Peer 1: 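For reference, the structure I am asking about is given below.
Note that this is a predicted model, so its numbers are computed, not measured. All residue numbers in this chain count up from 1 along the given sequence.
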Amino acid sequence: MQAASRESYAVAAERLDAYVRGAEPSAVATTADDVLSVAALLRGEPRLRRALSEPARSGDDRAALLNGILAGKIGADALDLLSGLVAGRWSTPSELLDGTERLGVEALLASADAAGDLGEVEDELFRFGQVVAGQSALSAALADPIAPAGQRAGLARELLAGKARPVTVRLVEVALGGFGGRSFTGALTRLVELAADRRDRQVAYVTVAAPLSESDERRLGARLSAMYGREVSVKQTVDPEVLGGVSVRVGSDLYDGTVLRRLNETRNALVQR
């Protein structure tokens, strides 16, 4: 986002946090769903996006326009949050859409946090991504842009039934819709990171040939936390092709100590001689 949009989103996020502090988790989840439904409306209505981000209109005018369209169709709390959102300055209509969708996601995560479920939601999102990545046919079916979104969402709900919390299922649906213009896989990854960030944690993606023991995982997490000055949430991926060792990615930092990397380096060195 450009500077003006970032500032407008920051104000809306503060407003969301104030609302969450005085609301029940179930009410916050309902509000989140309302906000996400409006994001879906904006995605399909470019003229409305433009009108609600038009710099020639005052913030009050844009909020009044939104209220005229949505009053009585979504909850009062969602309407209040969205009115504050559109009253801000947005650099482009697409950034207003991104901000609306992000606000809905943050509200969902806040509802899980208030219910004490946020860590589990984070893990469920990551594990579902791992399951999908490990099955090419399933990955293709969920990522197929030609298949109707409702059909793909139905497949995800069927796979997650009884295995994940409602917030996790709803976030998977958001990912299927291309959260922030990302691919399904990219959207899931971003949602995992947003969940961790709300818990004030950094995500470390760890690739190993065989699963780390709980004690090894704790030690690795502690070392990374000391390095980054922040709690680290370790997410393991088992890939026998790395042969041995550990690869760790934290943000843009990559620490690759796998046997496969060392073999590739040796092979490249031999070729260059």
Peer 1: Distance under 6.0 Å and angle within 45° of the ring axis: does R6 meet both against Y9?
Peer 2: no
Peer 1: Ignoring hydrogens and angles, tell me if any N or O in the side chain of R152 forms a donor-acceptor pair with the backbone of D144 under 3.5 Å.
Peer 2: yes
Peer 1: Could you check whether any side-chain N or O of W90 sits under 3.5 Å from a backbone N or O of E54, counting only pairs where one atom can act as donor and the other as acceptor?
Peer 2: no
Peer 1: CZ of R219 to OG of S213: how many Å apart, nearest 0.5 Å?
Peer 2: 6.0 Å
Peer 1: Assess whether salt bridge (Lys or Arg N to Asp or Glu O under 4.0 Å) is satisfied between R201 and E122, documenting all intermediate values.
Peer 2: CA-CA 11 Å; R201 291 171 178 255; E122 179 188 323; over 6 Å; no
Peer 1: Can you check whether R89's main-chain N or O pairs, donor with acceptor, with S8's side chain at less than 3.5 Å?
Peer 2: yes
Peer 1: Please check if any side-chain donor atom of D34 sits under 3.5 Å from a side-chain acceptor atom of S37, or the reverse.
Peer 2: no
Peer 1: Residues in salt bridge (Lys or Arg N to Asp or Glu O under 4.0 Å) with R62, at least two apart?
Peer 2: none
Peer 1: Does a side-chain heavy-atom distance below 4.5 Å link F126 with V203?
Peer 2: no
Peer 1: If you count heavy atoms of other groups shown closer than 6.0 angstrom to CZ of R230, is the number above 12?
Peer 2: yes
Peer 1: Is any side-chain heavy atom of V86 closer than 4.5 Å to one of S53?
Peer 2: no
Peer 1: Can you tell if the side chain of R15 reaches within under 4.5 Å of the side chain of L81, non-hydrogen atoms only?
Peer 2: yes
Peer 1: Which value, rounded to the nearest 0.5 Å, describes the distance between R49 atom CZ and L41 atom CG?
Peer 2: 10.0 Å
Peer 1: How are the rings of Y255 and Y228 set relative to one another: parallel (under 30°), tilted (30 to 60°) or perpendicular (over 60°)?
Peer 2: perpendicular
Peer 1: To the nearest 0.5 Å, what is the distance between CG (L52) and CD (E45)?
Peer 2: 11.0 Å
Peer 1: Would you say the side chain of L188 lies within less than 4.5 Å of the side chain of F179, judging by non-hydrogen atoms?
Peer 2: no
Peer 1: Keeping the roles fixed (side chain from E24, backbone from S26), state whether a donor-acceptor pair exists under 3.5 Å.
Peer 2: no
Peer 1: Does either side chain, that of T185 or that of S183, offer a donor lying less than 3.5 Å from an acceptor on the other one?
Peer 2: no
Peer 1: Would you mind reporting whether L160 and V172 have side-chain heavy atoms less than 4.5 Å apart?
Peer 2: yes
Peer 1: For a 4.5 angstrom cut-off between non-hydrogen side-chain atoms, does V206 reach L212?
Peer 2: yes
Peer 1: How far does CG of L79 sit from CG of L66, to the nearest 0.5 angstrom?
Peer 2: 6.0 Å
Peer 1: Atom CZ of F184 and atom CG of L142: how far apart are they, to the nearest 0.5 Å?
Peer 2: 5.0 Å
Peer 1: Check whether any side-chain heavy atom of R43 sits under 4.5 Å from a side-chain heavy atom of E101, and report yes or no.
Peer 2: yes
Peer 1: Can a donor-acceptor pair be found between the side chains of Y205 and T189 at a distance below 3.5 Å?
Peer 2: no
Peer 1: Check the side chains of S233 and Q202 for a donor-acceptor pair under 3.5 angstrom, ignoring hydrogens and angles.
Peer 2: no
Peer 1: Any side-chain heavy atom of N67 within less than 4.5 Å of one from S83?
Peer 2: yes
Peer 1: Could you measure the distance from the CG atom of L125 to the NZ atom of K235? Nearest 0.5 Å is fine.
Peer 2: 9.0 Å
